[in-house]
Visitor: 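Can you keep this structure in mind? I'll have questions shortly.
For clarity, every value in this text was computed on a predicted model and none was experimentally measured. Each chain gets a letter, A, B and so on, in the order its sequence line appears, and its residues count up from 1.
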Amino acid sequence: MNDRALHTDRSGVLTRISDKLWRNPRLTILLLITLPALWLGIVYLGSLFALLVQSFFSIDEFSGLIIYEFTLKTYGELFTPANFDIIVRTVLMASAVTIAAAIVSFPIAYYAARYARGKWKAIFYLGVMLPLWSSYLVKVYSWKLILAKEGILNWLFETLHLSWLLEAYLSLPIVGGNSLSVSSTGTFLVFLYVWLPFMILPIQAALERVPPSMMEASGDLGATPQQSFRHVLLPLALPGVIAGSIFTFSLTLGDYIIPQIVGSSRRFIGQAVYAYQGTAGNIPLAAAFAVVPIVLMGGYLWVAKRMGAFDAL
Amino acid sequence: MTSAVAFTSVSRHFGSVRAVDNVDINIAEGEFFAMLGPSGSGKTTCLRLIAGFEQPTAGEISIFGQSAQGVPPYKRQVNTVFQDYALFPHLNVLDNVSYGLMIAGISKKERRIAAEEALELVALPGYGGRKPSELSGGQRQRVALARALVNKPKVLLLDEPLGALDLKLREQMQEELKELQRKLGITFVFVTHDQGEALSMADRVAVFNDGKIVQVGKPEDIYYRPEVPFVADFVGSSNVLPPHVTKEVKGIAVTAAVRPEAVRLGEKGLPATVRSTSFIGTSTRVSLDLGGFQMIALLPKGQIIPSAGERTHVSWADEDIHLMEQADE
């Protein structure tokens, strides 16, 4: 009989690698993060830095050549009425889309987190994710058809003898237009639809972590369902709402395709960036425009943190 | 006198599962009432029916003489200490405790005073500024208690509140809870699966099995005079003698119970074989085989402990055998 060994005599290359990694947790961590860190560091942060640098250059108005000297002139150009309009319009649109998305998403997410089980949960995930599987362009163009003058929405209003209502709405300034498909309302609806999954999923994840006993405890202590929502559920779901709003807000800030296809001819930041770096060849101004969403998001997160949105994390 | 909580033929079915099946309870005002049973026996559902989280499928519940039919939890003057405590993680201890008062619209100053009083009551003064995540299990339990008591409920419901605590803390809290209940005079309804806890704290105990109450009574009655084998077995793990054995020793063919500490080993009595022995601190537990059924004997310190496989005889004093009316199965 041989002695009982302390260890089994498994050997081989993989086993030896495992042993090595087990003894050196630091090496394991290093192996795990090196590649992603390089990717993020060089490709992402590097290009971000390049962008930042570009925004501090300016363009010679006669020759159209970039002057490689530090200046704040390009940033100053952002505040000309035409450019500042673009920024305000984009921020208003992004805010409206974010707020609407949060309102629409909350009940769906609450249902999924609290009531959906088994098959229904699968259907929920499928329903939320399915639109993400199809091409973004196809979705946007379908919406153009839905919102067009000859589209299904117009037809619905006509059938219900409510055309006058739609007409009245479209005659309003800012939100109106010739038809829904060329109005800011149309742009808003398409943004809302396209980014909705990015709001639903984080809220659902946050609500999933709230034990059912929380709401029961609140009710037990005398709170009506509305009060429980305000004092318990909403504060606890807030990190999820904020996470979702980061997606919807920043995606709307940066998008240039949706307002191009559906909406009025008034431009958004994304379109401005696209135009300035392309046909206009004004890379510095494009870069300055591109910095705007970054600054806005930074400010937004800072305010959210100050207001205690992440306290429940 | 009206009872604090009264169930009249109450049932709660979840699909085909009869969680609570035709239960009658009368809990007197100021009573410490324990609902004891294994998990899934319906005791927690009964508690949730009183709190209003569940509605009965059939039957009538009244709280202080008023029908609870269709009354939502937030309109009931009962408060619950939850099994997981359910403290609000985003609020500090003081805000947690004064939550009910805040909802009731009481001024900030008054509710602060009341909340601090409640924290004093549960021996946690000065903890108001902390977050629940910074507290130990026992402290959370006390905060949950203070949060319920600050509303001066007519009935306090406790859902296995000591389950997550370690033994020493649990025993300490048992005494404190009992003391608190005596001091406040509030009706306590206490759900537990721990028979020791129920027996040591409660004025009366209801033993649940399969959604039904199988026996209600004082702790001594439940312990010494079980009415059905389930109670004998579950409460205090009595030895249940089958009818043919009882006939042999007492001459009547009914099920009987003998407490393990009453069992004596020696020359006379029923022949038995020792299966195993285990030392459990205050005594030694001997598992015996009596040809077809098992018995447990608890031998105090100083007695000769037999070894496994040894043949012996089992007997008990005549007053230690408790005859049950009939088997419940």
Side-chain angles (χ1 to χ4, degrees), chain A residues 102 106 109-111 113-121 202-245 301 303-313, chain B residues 44 47-54 71-92 95-106 111 115 118 131-134 140 143-161:
Chain A
F106 210 98
Y110 188 73
Y111 163 77
R114 193 49 42 86
Y115 300 108
R117 291 284 169 271
K119 185 180 75 175
W120 289 106
K121 199 135 204 161
I203 296 183
Q204 187 244 348
L207 288 175
E208 201 89 48
R209 285 183 11 202
V210 179
S213 63
M214 283 293 138
M215 292 298 276
E216 285 180 354
S218 177
D220 188 71
L221 294 164
T224 60
Q226 296 95 297
Q227 286 172 317
S228 298
F229 174 80
R230 201 168 87 85
H231 294 294
V232 176
L233 194 63
L234 195 58
L236 291 178
L238 208 54
V241 178
I242 298 291
S245 71
L301 287 181
V303 171
K305 188 172 162 41
R306 284 295 297 272
M307 283 169 61
F310 305 114
D311 286 3
L313 276 183
Chain B
T44 296
L47 198 80
R48 294 172 59 80
L49 284 164
I50 303 174
F53 305 137
E54 302 284 349
V71 180
Y74 52 88
K75 285 188 179 159
R76 298 188 183 200
Q77 285 195 41
V78 298
N79 286 112
T80 308
V81 176
F82 289 81
Q83 189 172 13
D84 62 355
Y85 313 142
L87 298 178
F88 305 127
H90 60 298
L91 302 178
N92 66 23
D95 288 340
N96 260 289
V97 175
S98 54
Y99 186 85
L101 303 175
M102 185 266 288
I103 293 294
I106 287 162
R111 63 185 195 240
K131 280 280 178 80
S133 56
E134 294 163 358
R140 280 179 216 183
V143 174
L145 196 60
R147 183 178 69 171
L149 287 173
V150 79
N151 306 291
K152 305 210 175 350
K154 290 190 155 178
V155 182
L156 184 74
L157 309 175
L158 301 111
D159 186 7
E160 307 222 9

Visitor: Could you state the interatomic distance from CD (Gln227(A)) to CE (Met102(B)), rounded to the nearest 0.5 Å?
Guide: 8.0 Å
Visitor: Say you draw a straight line from CG of Leu234(A) to NE2 of His90(B); how long is it, rounded to the nearest 0.5 Å?
Guide: 9.5 Å
Visitor: Using a 4.5 angstrom heavy-atom cutoff, name the option from Pro73(B), Ala144(B), Ala86(B), Ala51(B) with the most pairs to chain A.
Guide: Ala86(B)
Visitor: In terms of heavy-atom proximity below 4.5 Å to chain A, should Asn79(B) be classed as side chain, backbone, both, or neither?
Guide: both
Visitor: Can you tell which part of Arg147(B) gets under 4.5 Å to a heavy atom of chain A, answering side chain, backbone, both or neither?
Guide: both
Visitor: Report, as yes or no, whether the 6.0 Å neighbourhood of atom CZ on Arg117(A) holds more than 12 heavy atoms from other residues, nucleotides or ligands.
Guide: yes
Visitor: When heavy-atom pairs shorter than 4.5 Å are enumerated against chain B, which of Pro212(A), Pro211(A), Ser218(A), Pro225(A) gives the highest number?
Guide: Ser218(A)
Visitor: If you measure from NE2 on His231(A) to OH on Tyr99(B), what distance do you get to the nearest 0.5 Å?
Guide: 6.0 Å
Visitor: Sort Leu157(B) into side chain, backbone, both or neither according to what part of it lies under 4.5 angstrom from a heavy atom of chain A.
Guide: neither
Visitor: Around atom NZ of Lys75(B), are there more than 12 heavy atoms from other residues, nucleotides or ligands closer than 6.0 Å?
Guide: no
Visitor: Give, for atom CD of Glu54(B) and atom CD of Glu216(A), the distance between the pair rounded to the nearest 0.5 Å.
Guide: 7.5 Å
Visitor: Determine, step by step, whether Ile103(B) and Leu221(A) satisfy the side-chain contact (heavy atoms from CB on, under 4.5 Å) criterion, reporting the C-alpha distance in whole Å, the side-chain angles of both residues, the deciding distance to 0.1 Å, and the verdict.
Guide: CA-CA 8 Å; Ile103(B) 293 294; Leu221(A) 294 164; 5.8 Å; no
Visitor: How many angstroms lie between atom CZ of Phe82(B) and atom CE of Met214(A), to the nearest 0.5 angstrom?
Guide: 9.0 Å
